[in-house]
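These values consider heavy atoms only, across backbone and side chains, with no hydrogens, waters or symmetry-generated copies. Since the model is a prediction, treat every value here as computed from it, not as a measurement. We count ligands from 1, going down the list as the structure has it; atoms in each ligand are counted the same way. In this chain, numbering begins with 1 at the start of the sequence shown.
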Amino acid sequence: MRAVGCHLSVSKGYLAMGKQALAIQGNTFQFFTRNPRGGQSKPIDMADANALLELMRANDFGPILAHAPYTLNPCSQDQKVRAFAQLVFEEDLEKLEALPGTYYNFHPGSHVGTGVEVGIQQIVNLLNKVMFKEQKTIILLETMSGKGTEVGSQFEELKAIIDGCLYKDHIGVCLDTCHIYDAGYDIVNDLDGVLAHFDAVVGLDRLKAIHLNDSKNPFKSHKDRHEKLGQGYIGEDAFKKFINHPKLRHLPLYLETPNELDGYAAEIKWIRENTMK
Ligand code: FE
Ligand code: FE
Ligand code: ZN
């Protein structure tokens with residue numbers, strides 16, 4: 001069965017998230033590795049991690065997705081912020097070795113005026129410091145909306161980061177539907193064209209995960225405001241085509257829509273009911 005899930009809180013531990021996912025008919029989930037605005041990370045509880053792995057095996061889970069904090073910015077002009085990004089990345093990658101096969105998704109960064117090229121180089125530098133040959137985690141670059149000076153709103157930028165990376169086996173892309181629509185890729189009227197473009201620039205084999213979100217703002221707004229599925233500018237029909245597209249059907253879906261657990265349950269149900277057999 002296709003892996004579908006939503007964003008959950010890590011506050012009660014790993015096994016608790018697995019149980020919560022199951023309770024809403026999910027078979028994967030996303031969580032923040034620590035407070036999204038930064039902060040300390042707790043040491044890993046191996047018994048809890050192993051209990052989650054057991055639950056995942058027993059219930060046909062897809063890979064889970066760990067999301068880095070928003071404050072992680074490898075291309076800040078502030079050396080302290082860059083050092084923090086490295087520290088967080090190192091700690092998170094070390095912890096995630098306890099959950100082999102997990103995806104680690106991060107926002108590539110905001111260059112805040114130095115320009116996209118310098119930004120890309122700084123992101124590459126960080127990745128080449130923190131990644132290691134034997135790591136069991138796949139790092140995902142998230143497609144961004146292009147708000148402010150965000151790097152990663154154009155497929156070419158993601159490709160340049162991947163090209164600079166030493167350990168290409170451990171890197172991929174997470175496509176956020178709200179973000180790419182906001183960035184100016186028209187997945188409503190030309191999904192085939194967008195996917196062909198992604199394939200030509202990055203390669204569809206690099207695409208590992210989908211953040212499934214509608215958008216509160218019209219096409220190409222560069223605002224990054226998520227909406228519930230079918231209630232935004234992307235709309236229900238486009239999502240039906242999106243989730244059933246032959247080039248995307250195998251990919252895990254993670255909801256980051258503005259919902260509580262019951263709202264997520266309804267969206268997961270909608271996805272399962274609208275998935276063509
Ligand atoms: Fe994100
Ligand atoms: Fe996202
Ligand atoms: Zn977003």
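Two residues are said to be in side-chain contact when any heavy atoms from C-beta on lie closer than 4.5 Å; Asp214 and Lys228 fail this criterion. At least one side-chain heavy atom of Leu212 sits less than 4.5 Å from a side-chain heavy atom of Phe242.
Among the backbone and side-chain atoms of Cys178, no N/O/S atom is found under 2.8 Å from the Zn ion (ligand 3). Put simply, His179 gets within reach of the Zn ion (ligand 3), with an N, O or S atom under 2.8 Å from it.
Checked against the Zn ion (ligand 3), the N, O or S atom of Asp224 at the shortest distance is OD1.
Around the Fe ion (ligand 2), the protein N, O or S atoms closer than 2.8 Å are Glu142 OE2, Asp176 OD2, His211 ND1, Glu256 OE1, listed by chain and residue number.
Note: Phe32 and His67 have perpendicular aromatic rings, judged against thresholds of 30 and 60 degrees for the angle between ring planes. Taking the six-membered ring where the residue is Trp, Phe31 and Tyr14 present perpendicular rings, their angle passing 60° and hence far from 30°. Note on ring orientation: taking the six-membered ring where Trp is involved, the planes of Tyr185 and Phe155 are parallel (angle under 30°, cut-offs 30° and 60°).
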Worksheet entry | Test log, rule side-chain hydrogen bond (donor to acceptor under 3.5 Å, both in side chains), inputs Asp192 and His245 | CA-CA 9 Å; Asp192 283 327; His245 195 286; 2.7 Å; yes

Item to complete: Please test His7 against Phe29 for ring pair (Phe, Tyr, Trp, His ring centres under 6.0 Å), starting from the C-alpha separation and ending with a verdict.
Response: CA-CA 6 Å; His7 187 87; Phe29 58 86; 9.4 Å; no

